[in-house]
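Comments concern the structure below.
Remember, predicted model here, so these are calculated numbers, not experimental data.
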Amino acid sequence: MTMKMVEKSKSQVWLPFGCVLFCLGCFANVFVPEVAQGAFVTKTIQFNESDGFAISGTSITASGEAQYVIEGMSVGISTGIFLYPQQSSGEWWSDQPIHSTSLGSQAAGTGPIEFSLTLDSPTPGQTFDMESITLLGYSEPSTTIEQTVRVTFTGTKIVNGTMSSVTWLSDEFEADELSPLVITFDDEFHGLTSLAWSQGGTARAHQFDNITFSTVTAVPEPGTFLAMIALTTMGFVTRGRRWIGKRLQVV
């Protein structure tokens, strides 16, 4: 009589723990892969005052840095430093928000100046999807320099373990006018490790603004979730054994 009651107690005690382990297994197989992929977040860099740009002065251009990291994106220049126009200058794009500016450079001079984008966080070297960017002129009109220009963008990505590149040639725009040209990239510019473009072989400088890109948010690796599941399961089992031991004691 006593043995029958003990066997029944074992089945009743272990049934809840079996359900818990089954649910945790389903969580690991279904939920973890989805979470590990993260979620895409789209950001736009506007180079405004909250990013540290002083844009209320009276000078034509303000000297900047050779690199900025904003919204997790590193914006670099190959030669010299960035320049950015002040709101009171003739180089400022009036369609910009009142507390926002754009980045540019000095004239190329002896050679082209290249701008570049690489993701700095959440993980350096992580890929990103390039969505759009705005180009506009920067220099004063000149009769000796070609006014109508096009800009070539080169994106670098890894396809099947091999480094490859994609290119995008912009439409023509007047480099001596502050008329913005919005470039919207297609799916070929998704999964980039870097993006670069040149202001061209002429001595004319360009501005750019409103860099819009998407990237995956940082999330724990699947192994982290599995470790959490394992620890939780071990806790249940340990407590279960203690409880079972007490229930099955026969006085």
Side-chain angles (χ1 to χ4, degrees), residues 42-48 51 53 55 60-62 64 68 70-71 73-109 111-118 128-157 165-190 192 194-214:
T42 300
K43 303 178 181 179
T44 299
I45 304 176
Q46 296 181 316
F47 308 108
N48 53 32
D51 295 323
F53 292 91
I55 53 178
I60 295 177
T61 59
Y68 290 100
I70 305 172
E71 297 287 356
M73 180 67 75
S74 175
V75 185
I77 187 171
S78 61
T79 303
I81 60 176
F82 284 112
L83 301 177
Y84 57 94
Q86 301 300 282
Q87 293 177 354
S88 57
S89 72
E91 310 293 345
W92 185 68
W93 175 32
S94 60
D95 290 339
Q96 295 176 128
I98 190 65
H99 296 295
S100 177
T101 186
S102 56
L103 283 190
S105 72
Q106 296 177 333
I113 294 176
E114 186 175 80
F115 306 117
S116 62
L117 300 176
T118 55
F128 62 94
D129 295 351
M130 190 65 191
E131 306 293 349
S132 63
I133 190 173
T134 299
L135 298 181
L136 55 152
Y138 196 44
S139 297
E140 296 293 336
S142 172
T143 57
T144 61
I145 300 176
E146 178 62 38
Q147 308 293 320
T148 304
V149 297
R150 305 177 78 177
V151 174
T152 300
F153 292 86
T154 301
T156 303
K157 59 197 311 184
S165 62
V166 291
T167 59
W168 184 285
L169 182 63
S170 76
D171 293 335
E172 293 182 343
F173 71 104
E174 300 300 319
D176 62 322
E177 297 180 1
L178 295 176
S179 299
L181 172 65
V182 179
I183 299 173
T184 302
F185 297 92
D186 58 22
D187 291 347
E188 284 191 340
F189 281 76
H190 287 185
L192 300 182
S194 66
L195 179 72
W197 69 99
S198 171
Q199 66 179 37
T202 69
R204 188 164 300 285
H206 301 155
Q207 291 184 71
F208 58 91
D209 195 11
N210 299 330
I211 301 173
T212 301
F213 65 99
S214 299

**OP:** Mind checking side chain to side chain donor-acceptor pair (under 3.5 Å) for Ser116 and listing every partner two or more places apart, or none if nothing turns up?
**Re:** none
Original post:
If you round to the nearest 0.5 Å, how far is CZ of Phe185 from CZ of Phe213?
Top reply: 13.5 Å
Original post:
What residues, two or more places apart in sequence or in another chain, satisfy side chain to side chain donor-acceptor pair (under 3.5 Å) together with Glu131?
Top reply: Ser214
Subject >> Test ring pair (Phe, Tyr, Trp, His ring centres under 6.0 Å) applied to Phe173 - qualifying residues, sequence neighbours left out >> reply: His206
Original post:
Looking at residues at least two apart in the chain, or sitting in another chain, which of them share a side-chain contact (heavy atoms from CB on, under 4.5 Å) with Asp186?
Top reply: Trp168, Glu188, Phe189
Subject >> Closest heavy-atom pair and its distance - Met73, Leu117 >> reply: SD-CB, 3.9 Å
Original post:
Any side-chain heavy atom of Leu178 sitting closer than 4.5 Å to one from Trp92?
Top reply: no
Original post:
At what distance, to the nearest 0.5 angstrom, does CG of Asp51 lie from OG1 of Thr101?
Top reply: 11.0 Å
Original post:
With sequence neighbours left out, what residues match Ser165 under side-chain contact (heavy atoms from CB on, under 4.5 Å)?
Top reply: Thr154
**OP:** With sequence neighbours left out, write down each residue that passes side-chain contact (heavy atoms from CB on, under 4.5 Å) with Ser194, or none if nothing qualifies.
**Re:** Thr118, Thr156
Subject >> Glu91 (side chain) donor-acceptor with Gln207 (main chain) under 3.5 angstrom >> reply: no
Original post:
How far apart are the closest heavy atoms of Asp187 and Lys157, and which atoms are they?
Top reply: O-NZ, 4.4 Å
Original post:
Considering residues at least two apart in sequence or located in another chain, which fulfil the side chain to side chain donor-acceptor pair (under 3.5 Å) criterion with Trp93?
Top reply: Asp95
**OP:** Please name the pair of heavy atoms, one in Ile183 and one in Ser170, separated by the smallest distance, quoted to 0.1 Å.
**Re:** CD1-CB, 3.6 Å
Original post:
How long is the span from the CG atom in Leu103 to the CD1 atom in Ile77, to the nearest 0.5 Å?
Top reply: 8.5 Å
**OP:** Would you give the length of the straight line joining atom CD1 of Ile55 to atom OG of Ser88, rounded to the nearest 0.5 angstrom?
**Re:** 11.0 Å
**OP:** Identify the heavy atoms of Asp209 and Ile45 that sit nearest to each other, and give their distance.
**Re:** OD1-O, 4.0 Å
**OP:** Hey, could you give me the CD1/OG distance between Ile113 and Ser198, rounded to the nearest 0.5 Å?
**Re:** 8.5 Å
Original post:
How far apart are the closest heavy atoms of Asn210 and Gln46, and which atoms are they?
Top reply: OD1-CG, 3.7 Å
Original post:
Of the non-hydrogen atoms in Pro85 and Ser102, which two are nearest, and what is the gap between them?
Top reply: CD-O, 3.4 Å
Subject >> Identified ring-ring contact (aromatic ring centres under 6.0 Å, His included) counterpart of Tyr68 within the set Phe47, Phe115, Tyr84, Phe53 >> reply: Phe53
Original post:
Under the side chain to side chain donor-acceptor pair (under 3.5 Å) criterion, do Thr184 and Ser132 qualify, and how do the steps go?
Top reply: CA-CA 4 Å; Thr184 302; Ser132 63; 5.3 Å; no
Original post:
Do Ile211 and Met130 touch side chain to side chain, with heavy atoms closer than 4.5 Å?
Top reply: yes
**OP:** Find the distance between CG (Leu181) and OG1 (Thr134) and round it off to the nearest 0.5 Å.
**Re:** 8.0 Å
Subject >> For Thr152, all residues meeting side chain to side chain donor-acceptor pair (under 3.5 Å), sequence neighbours excluded >> reply: none
